[in-house]
Amino acid sequence: MKLLTHNLLSSHVPGLRPGGGFPLRIELGRPSELPPEPSPGYEADEEFLRRLHHVLLEVEVLEGSLQCPDSGRRFPISRGVPNLLLSEDEA
Amino acid sequence: MSAAEPGWFFCTAGRGLEPFLAREVRARLGATEVDCVSGKVFFRAAAGPGKLRQLRSGERLFLLLKKHSPLPVSGNRGKMLHEIKSLVIEDPKYWLDIISVWRKLHGHDGKTDDGSIENALALKRKSEEETNTASKRQKTEQVRAIVSEECQVGAGETCEAPARISRQECWAESRTCSELPSRGSGEDPAANEELGFSFRVSCRCSGAIARILTSQEVGRALGTALVKQCGWRADLRDPDLEIFVHLNDIHSVVGIPLFRLPLANREYIRTAGLRSTVAWAMASLAEIRAGALVLDPMCGLGTILLEAAKEWPEAWYWGADISDSQLEGADGNIRAAGLVDKIELLKVSVTALPLPSESFDSVISDIPFGKKFKTMSDAQLLPDLLQEMERVLRVGGTLVLLLSQELHRRVDGLTRSAGGGPAEAPAQAMDGLTRCAGGDPAEASDSRAAPSVDGNSSSLAQRGGEAILSRHFGSLLPEGVYAVSLGKTDAFIHKYRKVSGTGSSRTGTWSCPSTGTFPGTGSSLALG
């Protein structure tokens with residue numbers, strides 16, 4: 001799972017506040033190599049853009065989980081594929 | 001690659017894909033004098049085998065030798081056989097010329113072939129290097145491909161499938177030379193090049209001719225005549241040269257296949273799902289541009305995504321499915337094709353996509369046929385599928401679906417028609433002769449004279465759909481329907497464009513997650 005994909009995913013556990021369930025928290029051992037917010041004028045910062053491109057498109061999460069920030073529900077990532085299916089009782 | 005000389009070709013196509021193929025040969029090969037009929041596209045192009053092999057919507061590609069009007073049919077079999085022979089059989093010089101043209105085409109990387117026997121043997125040796133299982137698989141695939149083609153050639157033929165199998169049998173009886181197990185001729189290469197050359201005649205008769213003569217009879221007669229004329233050796237399993245003869249009510253065509261394997265066999269697909277030609281055709285309708293986000297929410301083994309990502313690599317692709325085995329197969333396919341960077345997989349359900357609204361430029365999907373969903377029938381689930389697919393599509397984006405006949409009828413009642421008022425989705429039947437000439441799938445939306453072929457669809461739509469289909473998708477504008485053959489069954493490709501619903505002022509910009517809406521928090525559908 002690329003970070004780009006993570007940016008598109010949200011938790012659809014029922015009963016969340018509007019706009020909730022996003023962003024999902026990625027749980028794995030490695031700390032992020034990027035600053036938490038892009039600095040102003042980042043479009044012109046070649047070095048930053050390179051690192052951003054790398055993290056967004058070239059880093060893959062193979063095993064881990066995504067946690068819903070509101071409900072705490074964890075969605076596993078296995079062999080690079082995130083599983084966001086809700087069970088029958090959850091949906 | 002050195003510039004190739006222009007040549008005449010024809011390419012067979014599954015029923016319904018002829019316009020796609022016609023468009024493709026023009027676009028990819030700069031082909032001229034494109035002429036399509038049911039099941040075939042004829043064209044003239046100056047392209048080498050590398051480029052020709054890239055054709056994606058065709059089945060098998062042939063060098064065109066002869067194309068004449070249909071043979072006059074009389075009750076006199078002998079006379080007809082004679083006429084067929086005079087059509088096909090020529091003096092040995094003619095065949096040598098053809099062979100040298102064919103070899104030149106295959107003369108690796110543009111090196112001109114001097115037509116020596118060494119080259120023929122080298123080609124044979126190369127094919128021998130393939131393992132037994134590989135060549136067996138090719139053969140099976142060839143047969144499968146040919147048989148499936150034959151299913152598609154018009155109505156009225158009586159002896160297609162049996163002819164294919166029994167042709168081999170009939171050759172076993174009438175072979176004049178025994179098959180040598182070793183490929184080397186063992187003769188003086190300099191003398192009598194023809195003797196070392198093996199061939200096979202593949203004949204297809206349909207229409208009026210098939211009532212008088214069977215494909216196998218014609219094939220046998222031609223084969224015998226060629227052996228007599230040129231001194232070649234008949235070889236069913238691995239001939240140097242294959243000669244195709246198609247005789248039907250439209251024309252009499254003689255050609256030589258350019259490649260051993262059908263074009264539809266993709267070396268980049270490990271496990272096949274949907275027929276690759278249909279998958280490619282669907283992707284070609286989606287108008288994938290650089291930087292586009294494309295989603296297949298029921299991707300199965302990922303065939304559509306593979307075809308799209310190979311052809312339009314400057315876009316991003318996501319595939320979703322609920323089945324582990326399918327996702328595993330898709331993952332294997334993606335790795336084998338080297339497309340791990342381009343295609344991402346998700347285990348999510350199409351009825352509840354955890355994706356932001358209006359975030360994708362294209363949604364392309366093959367809606368599974370049959371009872372895939374245990375609790376409800378396909379027709380009942382169709383509105384839920386459409387709702388989610390419509391939701392994640394940005395305004396101006398394209399939706400391309402492959403539907404079974406049943407779903408095709410039902411979906412007409414759900415979507416808004418182009419002309420307003422009673423829904424009348426322009427259904428373009430692939431009646432190749434009239435529809436193809438100048439017909440371009442990209443221009444399907446301005447369907448001036450597109451009579452609804454499936455007469456049922458309009459009337460169904462006018463009834464407002466059936467009781468269970470109560471929702472109405474006003475924002476999906478139909479832009480074309482294409483009937484295609486999947487071999488045993490027929491299916492329909494539907495293309496839609498998402499337009500802004502009434503009262504919505506959203507433009508076609510990519511909606512980022514913080515401003516879009518998510519499932520369960522209110523639908524952004526424009527109703528009515």
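Here is how names work: the chains are called A, B, and so on, in the same order as the sequence lines, proteins then strands, and each is numbered from 1. Worth saying up front: this structure is predicted, and the values here are computed from it rather than measured.
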S.K.: Sort B/V340 into side chain, backbone, both or neither according to what part of it lies under 4.5 angstrom from a heavy atom of chain A.
M.R.: both

S.K.: Is the backbone N or O of B/G396 less than 3.5 Å from a side-chain atom of B/R497, with the two atoms forming a donor-acceptor pair by type?
M.R.: yes

S.K.: Checking B/R266 side chain against B/R56 main chain: does a donor-acceptor pair fall under 3.5 Å?
M.R.: yes

S.K.: Side chains of B/D296 and B/S365: any donor to acceptor distance under 3.5 Å?
M.R.: yes

S.K.: Using heavy-atom distances under 4.5 Å, tell me whether A/E58 contacts chain B through its side chain, its backbone, both, or neither.
M.R.: neither

S.K.: Test your reading of the model: is there a side-chain donor-acceptor pair from A/S11 to the backbone of A/G21, 3.5 Å cut-off?
M.R.: no

S.K.: Would you mind checking which part of A/I77 comes under 4.5 Å of any heavy atom in chain B, side chain (CB onward), backbone (N, CA, C, O), both or neither?
M.R.: neither

